[in-house]
Amino acid sequence: MPPVAVSPLLLLAIAVGFGSALRDVHVVVPPDVRHGDEAVLQCLFDLEGDSLYSVKWYKGEHEFYRFTPKETPSMKIFPLQGIKVDQRRSNWSQVVLKRVLPALSDQYSCEVSADAPSFHTDFVTGKMNVVDLPVKQPQITNIKSRYRPDETLHGNCSSHNSRPAANLTWIINGHLAKNSQLIRYPRIKEQHEKETSTLGLRFLVEPRHFTSGRLKIRCSASIGNLYWQSTEKSIEEEKPRPPQPATPSPTYGNDVLDKDFRDTNRRWPEMNKLPGKKQHTTHFFPHTHMQMSFF
């Protein structure tokens, strides 16, 4: 069989095709973004000598941004409800979304295509959540300011109105509470798809829990890497009260009794005077407990 002649241009094309390729494509999508903030989505890659043909961004299955450097204009934006692209800060490596809304929580994908001769394409995805943070710190309820040893402490911690619900953690004297000490409650649905989370704490208070007469408990609430707040409560050790001495009953001496008897004898004639009747006089004799009546 006679040898086949190969064009030098074809060999060059094959060498370029095998020697250069699109590699290391990955996206940097913020996992959590606060409602109303901006979101920067990055698509990073290594062309290894290839030319870039296009970069496309998708929310779910819908394309909303395309960058094609060899076209004019190179940037194209496709209308999609809720998405506002900052064109001044967007380019081939990133797209910036302004004032994100909760409805923009979704999967975001970047499709990178190299130009001729490889025409290699890669597709990578990341997840973004738009978060509504709680307005207030977590609240501790139903826990007294004083406890005595061998008394049961039972209270709750709640974080209100967030999207998604905050993760709650109890800490006792600087140590995480055990699972056996926790009471998990269902999350409560609020308006605008927000939620309230509550975590209970229950354990038997022991003398070892008190340091210098105080027990410290703290509840922490967190949402991703955007939010962390805590509330702490300091509890005093209630000491048993010492027994109180009995109060003696009042006593009366003979001088007090004599005075009472004298006052009674003096006032008795007036108290017994009745119109049209004989007077009836009664005299008391102190110390003898005797009395005599006269008519």
Side-chain angles (χ1 to χ4, degrees), residues 29-40 82 97-107 126-241:
V29 176
D32 299 296
V33 181
R34 184 163 49 188
H35 181 186
D37 284 358
E38 67 175 27
V40 180
L97 306 182
K98 300 186 296 184
R99 299 187 295 278
V100 295
L101 303 173
L104 298 188
S105 297
D106 208 335
Q107 299 279 348
K127 170 73 174 177
M128 184 179 77
N129 288 317
V130 179
V131 175
D132 281 305
L133 301 182
V135 178
K136 299 180 179 179
Q137 291 180 323
Q139 295 180 328
I140 295 177
T141 55
N142 301 329
I143 293 181
K144 301 185 298 182
S145 59
R146 291 184 179 182
Y147 281 84
R148 64 178 183 275
D150 298 328
E151 188 176 1
T152 298
L153 182 149
H154 184 191
N156 294 325
C157 175
S158 298
S159 180
H160 298 273
N161 292 303
S162 66
R163 172 194 168 103
N167 295 315
L168 298 175
T169 303
W170 277 108
I171 299 172
I172 304 171
N173 286 334
H175 301 282
L176 285 173
K178 301 176 182 177
N179 285 331
S180 59
Q181 298 172 324
L182 302 178
I183 304 172
R184 304 184 186 278
Y185 298 101
R187 293 171 176 174
I188 300 175
K189 300 292 184 181
E190 308 286 1
Q191 293 181 345
H192 309 298
E193 300 184 2
K194 296 181 181 181
E195 293 179 307
T196 292
S197 55
T198 300
L199 183 65
L201 179 67
R202 181 185 178 93
F203 67 95
L204 183 66
V205 178
E206 301 177 16
R208 64 182 178 86
H209 287 128
F210 293 98
T211 302
S212 300
R214 289 192 175 274
L215 159 66
K216 291 185 179 181
I217 60 173
R218 186 169 76 245
C219 175
S220 300
S222 62
I223 300 177
N225 58 359
L226 284 182
Y227 175 83
W228 187 91
Q229 291 287 338
S230 68
T231 300
E232 186 174 285
K233 189 173 182 68
S234 182
I235 298 170
E236 295 182 9
E237 181 179 6
E238 184 176 334
K239 301 289 186 180
R241 296 182 179 179

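Computed from a predicted model, the values in this text were never measured in an experiment.
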Identify all side-chain donor-acceptor contacts of residues 203-211 below 3.5 Å with residues at least two apart in sequence or on another chain.
{"from": "E206", "atom 1": "OE1", "to": "R208", "atom 2": "NE", "distance (Å)": "2.8"}
{"from": "H209", "atom 1": "ND1", "to": "E206", "atom 2": "N", "distance (Å)": "2.9"}

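The closest side-chain heavy-atom distance from N167 to L199 is not below 4.5 Å. Taking 4.5 Å as the limit, every side-chain heavy atom of C157 sits out of range of all side-chain heavy atoms of T231. Taking the side chain as every heavy atom from C-beta outward, L104 and V33 never approach each other to under 4.5 Å. At a threshold of 4.5 Å between non-hydrogen side-chain atoms, the residues R163 and H192 do not count as touching. Under the 4.5 Å side-chain criterion, counting only non-hydrogen atoms from C-beta, Q181 is not in contact with L176. Using a 4.5 Å cut-off on side-chain heavy atoms (C-beta onward), K216 and N173 make contact. The closest side-chain heavy-atom distance from K189 to E195 is below 4.5 Å. By the 4.5 Å heavy-atom criterion applied to side chains, I223 and P164 are counted as neighbours.
Counted within 6.0 Å of CD on Q107, heavy atoms from surrounding residues, nucleotides or ligands total more than 12; the atom is thus considered enclosed. More than 12 heavy atoms of other residues, nucleotides or ligands lie within 6.0 Å of NZ in K127, so this atom counts as buried by the packing criterion.
For I172 against A177, the heavy-atom pair with the smallest separation is CD1-CB, 4.1 Å. K233 and I143 get closest at one heavy-atom pair: CE-O, 3.1 Å. S222 approaches W228 most closely through the heavy-atom pair CB-CD1, 3.9 Å. Nearest heavy-atom pair across A39 and V100 is CB-CG1, 3.9 Å. Annotation for S197 and A166: closest pair OG-O, 2.9 Å, computed over non-hydrogen atoms.
A search for side chain to side chain donor-acceptor pair (under 3.5 Å) contacts involving Q229 returns Q137, not counting sequence neighbours. Remark: E238 pairs with no residue by the side chain to side chain donor-acceptor pair (under 3.5 Å) rule, at least two apart or across chains. Take S162 and apply the side chain to side chain donor-acceptor pair (under 3.5 Å) test, not counting sequence neighbours, and it matches no residue. In this structure, the side chain to side chain donor-acceptor pair (under 3.5 Å) partners of D106, at least two apart in sequence or on a different chain, are K59.
How far SG of C219 is from CD1 of I140: 5.5 Å, rounded to the nearest 0.5 Å. Of the inter-residue distances, the one linking S159 atom OG with R187 atom CZ reads 10.5 Å to the nearest 0.5 angstrom. One distance of note links OG1 of T169 with CG of L182; it measures 8.5 Å at 0.5 Å rounding. Once rounded to the nearest 0.5 Å, the distance linking CG of N161 with CD1 of I188 reads 10.0 Å. In this structure, CG on L153 lies 5.0 Å from CD1 on I235, to the nearest 0.5 angstrom. Taking CG of L133 as the start and CG of L226 as the end, the distance is 6.0 Å to the nearest 0.5 Å.
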message: What verdict does the side chain to side chain contact (heavy atoms under 4.5 Å, CB included) test give for N179 and R184, after you've listed the backbone C-alpha separation in whole Å, the side-chain angles of each residue and the deciding distance to 0.1 Å?
response: CA-CA 10 Å; N179 285 331; R184 304 184 186 278; 3.4 Å; yes
task: Could you check L101 against V130 for side chain to side chain contact (heavy atoms under 4.5 Å, CB included), going step by step and ending with a plain yes or no?
output: CA-CA 7 Å; L101 303 173; V130 179; 5.8 Å; no
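Sorted by first and then second residue, the pairs that involve residues 145-158 and meet side chain to side chain donor-acceptor pair (under 3.5 Å), not counting sequence neighbours, are K144-E151, R146-E236, H154-R202, N156-Y185, S158-T198.
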